[in-house]
Number of protein chains: 2
Amino acid sequence: MPSQPPPAATPGFAPPLCAIFRRFLKEQGLKFTTERAVILDAVLNRAGVFEADELIDDLKQSHPQHRVSKATVYRTLKHLIEAGIITEVLLDSTRAHYQLTYGQPDVGHLVQADGDAFVVTEFPTGELNDFIRRVCDEHGVSAVSHRLVIYTTRAEDA
Amino acid sequence: MPSQPPPAATPGFAPPLCAIFRRFLKEQGLKFTTERAVILDAVLNRAGVFEADELIDDLKQSHPQHRVSKATVYRTLKHLIEAGIITEVLLDSTRAHYQLTYGQPDVGHLVQADGDAFVVTEFPTGELNDFIRRVCDEHGVSAVSHRLVIYTTRAEDA
DNA sequence: ATCGATGCAAAAACTTTGCATCGGT
DNA sequence: ACCGATGCAAAGTTTTTGCATCGAT
């Protein structure tokens, strides 16, 4: 649940997320540490959906000089969500998945189970905005975010 | 991930789910035990989304004569999902939620966080079927199921 | 009588937390 | 110098599993 709504998309151009994160942290009286910089960097180098464990592995590889603990990764992921930079994506109930969403267009996820892993494909959900707005209006609420996940099989298996 | 697609909706009339579950179990070479009957009964008496723990509590109240272990509840929930009777609903990453979906029209979930609990309201998503079919066609897959969750705040808080 | 199902308690997987120390500001 | 952040390991949650026994077919 992000505290600030993510701003409009800026396609084809990476916004200065590091500066955005710094500003967020300052506003909250929190510090911009080396660990947080390194974690944000790893997040930005991830395409699509990722898990905490994958990020931790990435950090071991990309920043071997600076070991970051698991606890710090989890703590920082929470701040990144609060800052509106990443979003939790719920694909299954056994672990959390995350995705960079700041400045990105809304996407849904097509999921194909592949043993215990997933093949996840994104698709745009901009067309759904009217529908979502209508549903929220009918219930007297405003949408903060939404998630559409479609579980699939290859067409021939159905 | 249900192994059989749920059949068409039968509004206003409860289908003989017990018989359906028995048939499913027999087909799989599994047994219809007292515990499974009691658990299905508790599921049918639950409106909307529920958690495993809530079901376990319900069982203590409604069937005090027949204690059912936590392990059996989890094992049976899996079978009910396989049978296409209930579906996992993913609202947050800390625990699984379930819902009776056999013979029910497709619904999405409007979620309002309320501390560590959720207020969940359902809404019909029949209108989305064309969109979903189109997305799947473009990717050469068929939809097995889908979930739309809208996270909200009261309109005035936005 | 067979073979799956149950209960219990232990294990597993993921995430959070307490505490002493480190390091931004 | 202050006060938040980190790392570690321990604790917490939810869900799963091993094993001896029970019970449906």
Side-chain angles (χ1 to χ4, degrees), chain A residues 18 21-40 42 49-57 59-60 63-83 86 88-98 115-118, chain B residues 18 21-40 42 49-57 59-60 63-83 86 88-98 115-118:
Chain A
C18 183
F21 193 33
R22 291 182 93 123
R23 186 190 321 142
F24 167 81
L25 291 171
K26 178 165 283 179
E27 282 168 9
Q28 307 283 312
L30 306 174
K31 292 166 182 170
F32 183 75
T33 62
T34 313
E35 289 81 4
R36 286 174 181 171
V38 161
I39 291 167
L40 177 56
V49 174
F50 61 89
E51 301 172 19
D53 257 359
E54 295 175 332
L55 201 63
I56 292 166
D57 285 347
L59 289 167
K60 284 183 194 148
H63 299 269
Q65 345 79 29
H66 203 109
R67 273 292 152 74
V68 180
S69 74
K70 202 169 51 170
T72 297
V73 170
Y74 278 107
R75 287 188 275 232
T76 301
L77 286 171
K78 286 192 168 174
H79 288 129
L80 289 168
I81 291 170
E82 284 272 311
I86 65 173
E88 248 191 289
V89 180
L90 302 170
L91 301 183
D92 79 339
S93 55
T94 66
R95 53 192 168 281
H97 293 81
Y98 307 89
D116 60 335
F118 297 104
Chain B
C18 183
F21 193 34
R22 292 181 92 123
R23 185 189 322 142
F24 167 81
L25 291 171
K26 178 165 283 180
E27 281 168 10
Q28 307 283 312
L30 306 174
K31 291 166 183 171
F32 183 76
T33 62
T34 313
E35 289 80 5
R36 287 175 181 170
V38 162
I39 291 167
L40 177 57
V49 174
F50 60 90
E51 300 173 19
D53 257 0
E54 296 174 333
L55 202 63
I56 292 166
D57 285 348
L59 289 168
K60 284 182 193 148
H63 298 269
Q65 344 79 29
H66 203 108
R67 273 292 152 74
V68 179
S69 74
K70 202 169 49 169
T72 296
V73 170
Y74 278 106
R75 287 188 275 232
T76 301
L77 286 172
K78 286 193 167 173
H79 288 131
L80 288 169
I81 291 171
E82 284 271 311
I86 66 173
E88 248 191 289
V89 179
L90 301 171
L91 301 182
D92 80 340
S93 55
T94 66
R95 53 191 168 282
H97 293 80
Y98 307 88
D116 60 334
F118 297 104

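Excluded from the calculations below are hydrogen atoms, water molecules and symmetry mates; all remaining heavy atoms, backbone and side chain alike, are included. Chain letters run A, B, ... following the sequence lines, proteins first and then strands; every chain starts at 1.
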### Heavy-atom closest pair, residues A/L40 and A/C18
CD2-CA, 3.5 Å
### Query
Where do A/Y98 and A/I81 come nearest, in terms of heavy atoms and distance?
CE2-CD1, 3.9 Å
### Query
What is the nucleic acid contact for B/S93, judged by heavy atoms within less than 4.0 Å: base, sugar-phosphate only, or nothing?
nothing
#### Entry: Heavy-atom side-chain proximity of B/R95 to B/D53 below 4.5 angstrom
no
### Summary
Rounding to 0.5 Å, atoms NZ (A/K26) and CZ (A/R22) come to a distance of 8.0 Å
### Message
Classify B/K26 by what it touches in the nucleic acid, base, sugar-phosphate, or nothing, heavy-atom distance under 4.0 Å.
### Response
nothing
### Query
A/L90 and B/L91: side-chain contact (heavy atoms from CB on, under 4.5 Å), yes or no, with the steps?
CA-CA 7 Å; A/L90 302 170; B/L91 301 182; 5.5 Å; no
### Message
Could you work out, with side-chain hydrogen bond (donor to acceptor under 3.5 Å, both in side chains) as the rule, every residue matching B/T34, not counting sequence neighbours?
### Response
none
#### Entry: Covered region of DNA chain C, 5' end to 3' end, by chain B [heavy atoms, under 4.0 Å]
C/dC3 to C/dC8
#### Entry: Pairing residues for A/H97 by the side-chain hydrogen bond (donor to acceptor under 3.5 Å, both in side chains) criterion, not counting sequence neighbours
A/E51
### Task
List in chain and number order the residues that pass side-chain hydrogen bond (donor to acceptor under 3.5 Å, both in side chains) with B/E54, two or more places apart in sequence or in another chain; answer none if no residue qualifies.
none
#### Entry: A/F32 and A/F21 aromatic ring geometry - parallel, tilted or perpendicular at 30°/60° bounds
perpendicular
### Task
Using the closest heavy atom to pick a nucleotide of DNA chain C for each, name whichever of B/I39 or B/K31 lands nearer the 5' end.
B/K31
### Message
In this structure, how many angstroms lie between the P atom of D/dC3 and the CD atom of A/Q28, rounded?
### Response
18 Å
### Message
Once side-chain hydrogen bond (donor to acceptor under 3.5 Å, both in side chains) is applied, do any residues pair with A/H63, and if so which ones, sequence neighbours excluded?
### Response
A/D41
Donor-acceptor list for residues 67-74 of chain B side chains, cut-off 3.5 Å, not counting sequence neighbours:
residue, atom, partner, partner atom, Å
B/S69, OG, B/T72, N, 3.2
B/S69, OG, B/T72, OG1, 3.2

### Terminal axis angle for the helix from C/dA1-D/dT25 to C/dT25-D/dA1, five pairs an end, nearest 10 degrees
40°
### Summary
Result for 5'-nearest mapping on DNA chain C, choosing between B/T72 and A/L30, is B/T72
What's touching nucleotides 9-14 of chain D from the protein side, N or O pairs under 3.5 Å?
none

### B/L25 CG - D/dT25 C1' separation (whole Å)
13 Å
### Message
Here's a test of your reading of the structure: between A/V68 and B/A52, which maps to the more 5' nucleotide of DNA chain D?
### Response
A/V68
### Query
Which sits closer to the 5' end of DNA chain D, B/F32 or B/R75, going by the nucleotide each is nearest to?
B/R75
